[in-house]
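Everything on this sheet refers to the single structure shown next.
Values below: all heavy atoms of this structure, side chains included; hydrogens, waters and symmetry mates excluded. Start at 1 with the first residue, then count along the sequence.
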Amino acid sequence: AAHSIHLQGIHPSGQLESCVLAEPTQIGQAICADDAELQIWNGFLQACTLAKPARFGPLDLPAGSKITNYNGAPSSFALPQAGDAVDGFGLRLPPGTEAFFCSEAMTLRQLNVDRSRYVAVAGVKLTGDIEFDCGTFRNGQLFEDAMVGGNQRRAGDLVTRADLFP
């Protein structure tokens with residue numbers, strides 16, 4: 001009752017655009033959580049927080065994950081800050097990780113990993129913003145000091161695909 005409901009268009013008969021659900025509700029394949037914003041555009045789910053674990057693109061995401069769709073296809077997700085890591089894209093994604101897909105593809109464009117956590121790419125721990133070229137690693141920052149390509153590198157240094165896959 002304390003939350004606004006937004007409709008598309010200027011007339012009261014417009015379609016629902018956003019609201020906060022009073023109870024978990026199934027929208028398409030997702031069961032969206034109560035007490036979190038739900039966004040819909042032209043009748044399609046745009047964003048919600050999962051009330052229950054669900055398949056999202058190529059991944060099984062835990063409850064509490066925030067998902068977004070673009071043109072009806074998965075476009076990004078954010079894992080809950082607490083909980084277990086999720087395996088996907090050949091990586092172990094720690095809690096709190098945000099991931100963005102390439103347009104209309106189920107491959108990675110970018111990961112945002114909390115700087116207190118890391119993702120291992122080719123055995124090297126990376127953190128922060130990690131970029132991919134539609135699934136192929138492009139670059140990322142070292143989580144800790146490490147040997148990369150036979151050279152000692154410091155935490156925070158940018159490493160590229162050429163560094164990890166010479």
Side-chain angles (χ1 to χ4, degrees), residues 18 24 27-41 44-166:
S18 66
I27 311 285
Q29 300 295 343
I31 298 177
C32 298
D34 56 336
D35 211 25
E37 186 177 23
L38 166 76
Q39 295 178 350
I40 295 177
W41 189 254
F44 293 100
L45 178 65
Q46 287 295 106
C48 85
T49 300
L50 297 175
K52 295 185 176 183
R55 187 81 178 165
F56 185 70
L59 301 168
D60 291 317
L61 297 180
S65 297
K66 294 179 182 178
I67 61 169
T68 60
N69 292 303
Y70 180 75
N71 284 340
S75 62
S76 68
F77 66 87
L79 297 174
Q81 289 296 323
D84 295 329
V86 171
D87 292 326
F89 310 105
L91 305 169
R92 187 138 179 87
L93 307 174
T97 296
E98 292 179 279
F100 301 87
F101 297 124
C102 285
S103 296
E104 300 182 29
M106 295 299 134
T107 56
L108 281 177
R109 178 174 53 87
Q110 183 176 357
L111 288 177
N112 296 333
V113 179
D114 183 289
R115 295 199 185 273
S116 66
R117 297 176 173 150
Y118 65 87
V119 169
V121 175
V124 176
K125 297 176 183 178
L126 303 172
T127 193
D129 296 337
I130 305 168
E131 296 182 20
F132 295 82
D133 189 9
C134 289
T136 302
F137 173 74
R138 181 183 290 170
N139 63 55
Q141 293 181 322
L142 287 175
F143 174 72
E144 61 190 6
D145 294 353
M147 288 294 288
V148 178
N151 298 311
Q152 183 65 32
R153 305 282 295 272
R154 302 196 51 78
D157 282 356
L158 185 71
V159 294
T160 66
R161 177 167 184 74
D163 295 326
L164 298 185
F165 304 98

Between [X] (side chain only) and [Y] (backbone N and O only), is there a donor and an acceptor less than 3.5 Å apart?
X: N139; Y: V159; value: no
X: R161; Y: L164; value: no
X: T68; Y: S75; value: no
X: D34; Y: P24; value: no

With heavy-atom distances below 4.5 Å as the criterion, would you say the side chains of [X] and [Y] are in contact?
X: F56; Y: N69; value: yes
X: P95; Y: R117; value: yes
X: V121; Y: L91; value: yes
X: P53; Y: D60; value: no
X: L111; Y: L93; value: yes
X: F100; Y: L108; value: no
X: V124; Y: L142; value: yes

Taking all heavy atoms of [X] and all of [Y], pick out the closest pair and write down the distance.
X: L50; Y: P62; result: CD1-O, 4.0 Å
X: L59; Y: G88; result: CD2-CA, 3.3 Å
X: S65; Y: L79; result: OG-CD2, 3.8 Å
X: P74; Y: M106; result: CD-CE, 3.5 Å
X: A63; Y: P80; result: O-CG, 3.5 Å
X: R115; Y: T127; result: CA-OG1, 3.2 Å

Does the salt bridge (charged side-chain N to carboxylate O under 4.0 Å, His left out) test come out yes or no for R153 and D163, once each step is laid out?
CA-CA 11 Å; R153 305 282 295 272; D163 295 326; 3.7 Å; yes
For Y118, which residues count as a ring pair (Phe, Tyr, Trp, His ring centres under 6.0 Å) partner, sequence neighbours excluded?
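Y118: ring pair (Phe, Tyr, Trp, His ring centres under 6.0 Å) contacts with F143.
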Using 30° and 60° as the class boundaries, would you call the ring planes of F132 and F137 parallel, tilted or perpendicular?
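Correct class here is perpendicular.
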Summary of side chain to side chain donor-acceptor pair (under 3.5 Å) pairs that have at least one residue in residues 91-100, sequence neighbours excluded
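Passing the test, one end in residues 91-100: D87-R92.
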Pairs meeting criterion salt bridge (charged side-chain N to carboxylate O under 4.0 Å, His left out) with involvement of residues 65-75, two or more places apart
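Listed once each, the pairs would be none.
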Does D84 have more than 12 heavy atoms from other residues, nucleotides or ligands lying within 6.0 Å of its CG?
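Counting other residues, nucleotides and ligands, CG of D84 stays at 12 neighbours or fewer.
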Return the SG to CG distance between C32 and L45, rounded to the nearest 0.5 Å.
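One gets 5.0 Å once the value is rounded to the nearest 0.5 Å.
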